[in-house]
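Below: the structure, in structure tokens.
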Amino acid sequence: MSLRFYNTLTRQVDEFVPRDAGKVAMYSCGPTVYDRAHIGNFRAFLFVDLLRRYLKYRGYQVFSVMNLTDIDDKTIRGAQKEGVSLREFTDRFIQIFFDEWDVLRIQKADLHPRATDHIPEMVNLVQTLTERGHAYEADRSYYYKVETFPTYGQFARLDMSGMRLGERVASDEYEKESARDFALWKGWGTDDGDVFWDTALGKGRPGWHLECSAMSLKYLGKDFDIHTGGVDLIFPHHQNEIAQTEGVTDKRLARYWLHNEHLLVEGAKMSKSLGNFYTLEDLTSQGWKPREIRYALLSAHYRQKLNFTQAGLEAARGGLERIDACVRNLKFAEGAGAQDLPAMLAGHEAEFVAAMDDDLNYPNALAVLFNLIRDVNTLCAEQKIGPTEAEVARGTLRKLDSVFGFLDVDQAGEGESDEEIELLIQARNEARKAKDWAAADRIRQELADRNVIIEDRAGGTVWHRK
Ligand code: AMP
Ligand code: ZN
């Protein structure tokens, strides 16, 4: 079987055939940089990260673009409130955004273009759309004339019967699934203060939907491979992108459209407007480690809603402890050598590929990882793994970690946290019970290197930091 994705365009699972063999050109709708992202947003970006990591693991040469929306009502209002320029205001949130990406081990796209750096490209699109009869001017703004794009509504599966065409909407985000002439360019009004561009279209600023058409066309061309976003973007944003780009090129915008489901809190979408959100900082200040948060946010299939709970974070902690314990077992393995190790690892890796090829079935892929870990632990317990085999097993884990991004194959067990120290002590006690004095001494030294002193007392081992 080959790689396949559920494609919103066709509403079915399609085999993935890229435009150019071996290469993937992908575009992802990025953040609006008016505030710190919440972890619901991070679920969307972790999905992109997972997709990109897996495509690379599968050997594709990936070129990915994710825009930064640095102009819209929210960014303008934010800058005005603080009395700073739009650029200064958005620069700050872009910095925070990428810092948090690093913390969550989200790999950057190849390009993160900003909307405000692409005003000429957007003006150009509006001019072409106007020449082709798809756009018109009204009251110094430009609108897309929806009725000129016969397939409008098809992508979002809108029922177009009974629609009153010709109504206009100026706002970027309109909830109701109705076809309206939407703003491409907004003529300057006093609300926008000093935020405007003087262009061939007059003084104003772009509508939100236009930037993604302009930037994807510029950097990825026509009919590129994958476009991603949250399900909330299917309508109107992605429908409008399609009308804009295809209205100019007469070619398909993208071949595969992948949409991630939402992160929920008590059944409702986590969002700024509902006030039911957590930031990364909220969680790390409660003591959750970034890799636990990464694990928890990835834990469901991307097309399933994921309820964000304390239990989910605890499960993530438990899962990572099992993984770390396996990595530690490998580190201290002193066994004789298992003949069947490479075949066992290859078998599990093939299952991992089969799961991920199936529309990124991450829950199944994670289950495969735990099967692998269980089998490695068994071989360690049977004293069949020595340093050479351990390195072979670590090789497979490192490869899988290029997708998971939380395995810490080369760092686990270094005793940064109390739990990890406890686990090392437990491993040492087990070694002593098995009369493996060399291993026990090595663990003691390992702890000493971390400035942890241990004492064996009648009631058990106690430890303290130097
Ligand atoms: P925004 O910064 O609001 O433009 O959103 C950035 C991305 O986060 C978009 O792709 C949204 O679909 C996505 N998003 C927003 N809220 C959630 C949520 N609760 N769960 C998953 N994705 C979300
Ligand atoms: Zn977009």
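Start at 1 and go down the list; that is how both ligands and their atoms are numbered. Everything numeric here is computed off the predicted structure, so don't read it as measured data.
- Ring-centre distance between H209 and Y144: not below the 6.0 Å cut-off.
- Contact check on R398 versus D410 returns a salt bridge, with a Lys/Arg side-chain nitrogen under 4.0 Å from an Asp/Glu carboxylate oxygen.
- K186 has a carboxylate O that lies under 4.0 Å from a charged side-chain N of D172, or vice versa, which qualifies the two as a salt bridge.
- Contact annotation: C212 places an N, O or S atom under 2.8 Å from the Zn ion (ligand 2).
- The pair R394-D401 does not count as a salt bridge, with every side-chain nitrogen at least 4.0 angstrom from each carboxylate oxygen.
- Ion pairing between a basic and an acidic side chain is recognised when a charged N comes within 4.0 Å of a carboxylate O; D73 and R205 show such pairing.
- Because the distance cut-off is set at 2.8 Å, C29 qualifies as a neighbour of the Zn ion (ligand 2) through one of its N, O or S atoms.
- In terms of modelled atom types and a separation under 3.5 Å, the side chain of R255 and the main chain of V17 share a donor-acceptor contact.
- Each of G30, P31, T32, H38, G40, N41, A44, F45, G230, D232, L233, N260, E261, H262, L263, K269, M270 has a non-hydrogen atom positioned under 4.0 Å from some atom of ligand 1.
- Sorted by first and then second residue, the pairs that involve residues 27-36 and meet salt bridge (charged side-chain N to carboxylate O under 4.0 Å, His left out), not counting sequence neighbours, are D35-K272, R36-E100, R36-E281.
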